[in-house]
Amino acid sequence: MGLLDILLGRTKPVGADLDRLFALPSAAVTLEAAAAFRPTGQGAVCFATVEGAAFEQSHREVQALLDADTDRDGPPVELRQDDYGYSWLVSRRSPGQLSALVNDLHAVNSQMEVNGFGPQLLCSLAGFEDVAGRRLALVYLYKRGTFYPFAPLPDGTQRRDNPLELQVRAALSGDLRIEPDLSRWFPVWGAPGL
């Protein structure tokens with residue numbers, strides 16, 4: 001950052017700190033106590049799709065790494081595309097294995113970064129649900145190094161439960177670095193893992 005940047009009020013963007021993902025298990029305890037949401041065991045990493053052999057090879061390496069885990073229950077890690085053209089690498093664990101799910105998310109992000117595809121990484125999310133069936137995701141914004149809650153309304157419309165999101169923000173502000181700019185709390189409609 002140079003003198004001109006300082007004079008013009010520009011700041012250096014916050015970089016990704018993937019180790020912040022490891023705060024999710026302790027945040028889950030707080031989330032359960034404050035709002036009765038428990039982990040679903042599902043999570044995903046979203047990235048902009050890139051064409052080419054190098055990207056395809058990187059994807060195969062990540063999937064092979066996660067599928068090699070002998071403790072994995074249920075279906076293997078899968079690659080899915082959403083309606084907006086973004087790719088999601090989805091991992092499923094039992095609800096009690098949030099730490100293992102976080103390890104999966106971290107491994108995907110790290111491997112993509114190591115292979116030179118860090119700029120394509122968009123976000124990671126871990127899914128939660130309450131006894132009434134309401135869904136919630138804690139979304140990690142890769143480029144901002146922050147989290148935010150995303151709570152779609154259960155009625156199937158593309159509307160959010162804003163009061164719940166604000167309640168979760170208040171409850172988790174001591175556990176996670178919450179994104180302060182609400183305009184960056186992007187909806188992730190139809191996200192696999194949610």
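Sequential numbering from 1 along the given sequence is applied to the chain's residues.
- Of the possible polar contacts, none joining the E32 side chain to the V29 backbone as a donor-acceptor pair under 3.5 Å is found.
- Between atom OG of residue S87 and atom CZ of residue R80 there is a gap of 11.5 Å, rounded to the nearest 0.5 Å.
- The CZ atom of F128 sits 6.0 Å away from atom CG of L24, with the distance rounded to the nearest 0.5 Å.
- Connection of L176 to F186 is established within a shared hydrophobic cluster, with ILVMFWY side chains joined at heavy-atom distances below 4.5 Å, either directly or through further cluster members.
- For R38 (side chain) and D130 (main-chain N/O), no donor-acceptor pair under 3.5 Å exists by modelled atom type.
- Contact annotation: the side chain of L122 never approaches that of Y142 to less than 4.5 Å [non-hydrogen atoms, C-beta and beyond].
- With 3.5 Å as the limit, one finds no donor-acceptor pair spanning the side chains of R144 and T146.
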Step by step, would you call E179 with R169 a salt bridge (charged side-chain N to carboxylate O under 4.0 Å, His left out)? CA-CA 9 Å; E179 174 57 49; R169 174 183 70 173; over 6 Å; no
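- P25 has its side chain within reach of V102: a pair of non-hydrogen atoms, C-beta onward, lies under 4.5 Å apart.
- Placement of V131 and L194 in two distinct hydrophobic clusters is found when ILVMFWY residues are connected by side-chain heavy-atom separations under 4.5 Å, directly or transitively.
- Residue T30 holds its OG1 atom at 3.5 Å from CG of D175, rounded to the nearest 0.5 Å.
- A single hydrophobic cluster is not seen to contain both F37 and L153; linkage of ILVMFWY side chains at heavy-atom distances under 4.5 Å, directly or through other members, places them apart.
- To the nearest 0.5 angstrom, S26 atom OG is 11.0 Å from L31 atom CG.
- Using a 30° and 60° split on the angle between ring planes, F150 and W189 fall in the perpendicular class, above 60°.
- With contacts defined as side-chain heavy-atom distances shorter than 4.5 Å, the pair L21/F147 qualifies.
- In this structure, CG on L138 lies 9.0 Å from CG on L125, to the nearest 0.5 angstrom.
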Using salt bridge (charged side-chain N to carboxylate O under 4.0 Å, His left out), reason through D104 and R93 one step at a time and then give a plain yes or no. CA-CA 10 Å; D104 291 350; R93 298 283 186 160; 3.0 Å; yes
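- Remark: the backbone N or O of P119 is paired with a side-chain donor or acceptor of K143 at under 3.5 angstrom.
- Inter-residue side-chain proximity for V90 and V77 is flagged as unmet; no heavy-atom pair is nearer than 4.5 Å.
- Heavy atoms from other residues, nucleotides or ligands lying under 6.0 Å from CG of D155 number more than 12.
- Here the side chains of L136 and P149 are in contact, with some heavy-atom distance below 4.5 Å.
- With hydrogens and angles left out, the side-chain atoms of Y86 and Q120 include no donor and acceptor closer than 3.5 Å.
- Two residues are said to be in side-chain contact when any heavy atoms from C-beta on lie closer than 4.5 Å; T40 and P95 fail this criterion.
- Counting heavy atoms from C-beta on, the side chains of W88 and F47 never come closer than 4.5 Å.
- Taken together through direct or relayed side-chain contacts under 4.5 Å among Ile, Leu, Val, Met, Phe, Trp and Tyr, F22 and V114 form parts of separate hydrophobic clusters.
- Taking 4.5 Å as the limit, some side-chain heavy atom of L164 sits within range of a side-chain heavy atom of R134.
- Here R160 pairs with E165 in a salt bridge; the nearest charged N to carboxylate O distance falls below 4.0 Å.
- Atom CG of L18 is separated from atom CG of N109 by 5.0 Å, given to the nearest 0.5 angstrom.
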